[in-house]
Amino acid sequence: MAAPLSEQTIAIVKATAPALQQHGVAITTRMYDRLFQNEAVKAMFDQAAQDSGEQPRRLAGAILAYAQNVDKLQNLDAPVRRMVERHCDTGVKAEHYPLVAEALLPAIRDVLGEAATDEVLAAWGEAYWFLADILIGKEAEEYELRAA
Ligand code: HEM
């Protein structure tokens, strides 16, 4: 289990929730533009859900819910379960998580501009990996269950 997030990181992530609410879809659309430069990763996604904007909306919703609940993650049990299911349906592995981090953090900078200070990006980087580690752990368990 990852070390708990610091008070400072929790405060910054919660403080940026309104900006994410306003710009969430712009951020995730930009994130996918960056991520899909990798053709193998692009092929994992249902392209119709991208083109309709459905998947960027789902991811923006997940990120916003996370920002709002970062200090009470038990509220996210059901959505996390759904992410684990979808990720295991589509073959998401631990090694993919750095690719999403490398697409998401610059996308936050691209869209929020100077509001995304180094401090904000560092807090989001830490928060991303905290959630990613939870998903990676649960997905490993789910793959084992499915293989059994
Ligand atoms: C902390 C990181 C991540 C979060 C918060 C996240 C969140 C989500 C959410 C909310 C969904 C939609 C679930 C639903 O159907 O309701 C989803 C689906 C999906 N995610 Fe992730 N995800 C993360 C990391 C990744 C990574 C590393 C990959 C691999 C490249 C990935 C690939 C996918 C795919 C392929 C789908 C299914 C999309 C489709 O139906 O086309 N995700 N994710």
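Atoms within a ligand are numbered from 1 in the order they appear, just like the ligands themselves. Please read all numbers here as calculations on a predicted model, not as lab measurements.
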Peer 1: Can you tell me the protein heavy atom closest to atom 29 (C) of ligand 1 and the distance?
Peer 2: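 Ranking protein heavy atoms by distance from atom 29 (C) of ligand 1, first comes His96 CB, 3.6 Å.
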Peer 1: Is the closest N or O pair between Arg82 and ligand 1 shorter than 3.5 Å?
Peer 2: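 Yes, there is a polar N/O contact under 3.5 Å.
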Peer 1: Which residue pairs satisfy the side-chain hydrogen bond (donor to acceptor under 3.5 Å, both in side chains) criterion with at least one member in residues 35-52, sequence neighbours excluded?
Peer 2: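 Residue pairs passing side-chain hydrogen bond (donor to acceptor under 3.5 Å, both in side chains), neighbours aside: none found.
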Peer 1: Tell me whether the rings of Trp129 and Tyr97 are parallel (<30°), tilted (30 to 60°) or perpendicular (>60°).
Peer 2: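 Taking Tyr97 first and then Trp129, their aromatic rings sit tilted (interplane angle of 30° to 60°).
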Peer 1: Tell me whether Arg109 is salt-bridged to Asp118, with the criterion being a basic N under 4.0 Å from an acidic carboxylate O.
Peer 2: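 Looking at Asp118 together with Arg109, the answer is yes, because their closest N to O distance falls below 4.0 Å.
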Peer 1: Is it true that atom CD of Glu114 has more than 12 heavy atoms of other residues, nucleotides or ligands lying nearer than 6.0 Å?
Peer 2: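 Not buried by this count: 12 neighbours or fewer within 6.0 Å.
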Peer 1: Please report, to 0.1 Å, the donor-acceptor pairs under 3.5 Å made by any side chain of residues 60-70, with sequence neighbours excluded.
Peer 2:
| residue | atom | partner | partner atom | Å |
| --- | --- | --- | --- | --- |
| Tyr66 | OH | Ala127 | O | 2.7 |
| Asn69 | OD1 | Asn75 | ND2 | 2.9 |
| Asn69 | ND2 | Ala65 | O | 2.8 |

Peer 1: Using a plain distance cutoff, I'd like to know if Tyr128 has any nitrogen or oxygen under 3.5 Å from a nitrogen or oxygen of ligand 1.
Peer 2: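 In fact, backbone or side chain, Tyr128 has no N or O that close.
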Peer 1: Measuring only between side-chain heavy atoms, which start at C-beta, is Leu73 closer than 4.5 Å to Leu76?
Peer 2: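 In contact.
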Peer 1: With a cut-off of 2.8 Å, which protein N/O/S atoms are close to atom 21 (Fe) of ligand 1, if we only count those under it?
Peer 2: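 Near atom 21 (Fe) of ligand 1, below 2.8 Å, one finds His87 NE2.
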Peer 1: When Arg146 is tested against each of Glu141, Glu85, Glu139 for salt bridge (Lys or Arg N to Asp or Glu O under 4.0 Å), which residue passes?
Peer 2: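 So the option named by the test is Glu85.
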Peer 1: Over all heavy atoms of both residues, which pair between His96 and Val41 is shortest? Give the atoms and the distance, please.
Peer 2: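 Residues His96 and Val41, closest heavy atoms: CD2-CG2, 4.4 Å.
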Peer 1: For Tyr32, run the side-chain contact (heavy atoms from CB on, under 4.5 Å) check against Val100, Leu59, Leu104 and tell me which one passes.
Peer 2: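 Testing each of Val100, Leu59, Leu104 against Tyr32, the sole residue satisfying side-chain contact (heavy atoms from CB on, under 4.5 Å) is Leu59.
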Peer 1: My understanding is that we take every heavy atom of each candidate and find the minimum distance to atom 38 (C) of ligand 1. Doing that for Gln55, Met44, Lys93, Gln50, which one comes out nearest?
Peer 2: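 Comparing heavy atoms across Gln55, Met44, Lys93, Gln50, the nearest one to atom 38 (C) of ligand 1 lies in Gln55.
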Peer 1: Under 4.0 Å from a heavy atom of Arg58: which atoms of ligand 1 are those, numbered in the order shown and with their elements?
Peer 2: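 Taking each heavy atom of Arg58 in turn, ligand 1 has 10 (C), 12 (C), 14 (C), 15 (O), 16 (O) under 4.0 Å.
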Peer 1: What is the closest protein heavy atom to atom 41 (O) of ligand 1, and at what distance does it sit?
Peer 2: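 For this ligand atom, the closest protein heavy atom is Asp46 N, 2.7 Å.
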Peer 1: Sequence neighbours excluded, which residues qualify as side chain to side chain contact (heavy atoms under 4.5 Å, CB included) partners of Arg30?
Peer 2: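 Arg30: side chain to side chain contact (heavy atoms under 4.5 Å, CB included) contacts with Asp33, Arg34, Ala107, Asp110, Val111.
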Peer 1: By number and element, which atoms of ligand 1 are closer than 4.0 Å to a non-hydrogen atom of Val41?
Peer 2: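 Counting from 1, the qualifying ligand atoms are 30 (C).
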Peer 1: Which residue supplies the protein heavy atom nearest to atom 34 (C) of ligand 1, what is that atom called, and how far is it?
Peer 2: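 Answer for atom 34 (C) of ligand 1: Phe45 CE2, 3.5 Å.
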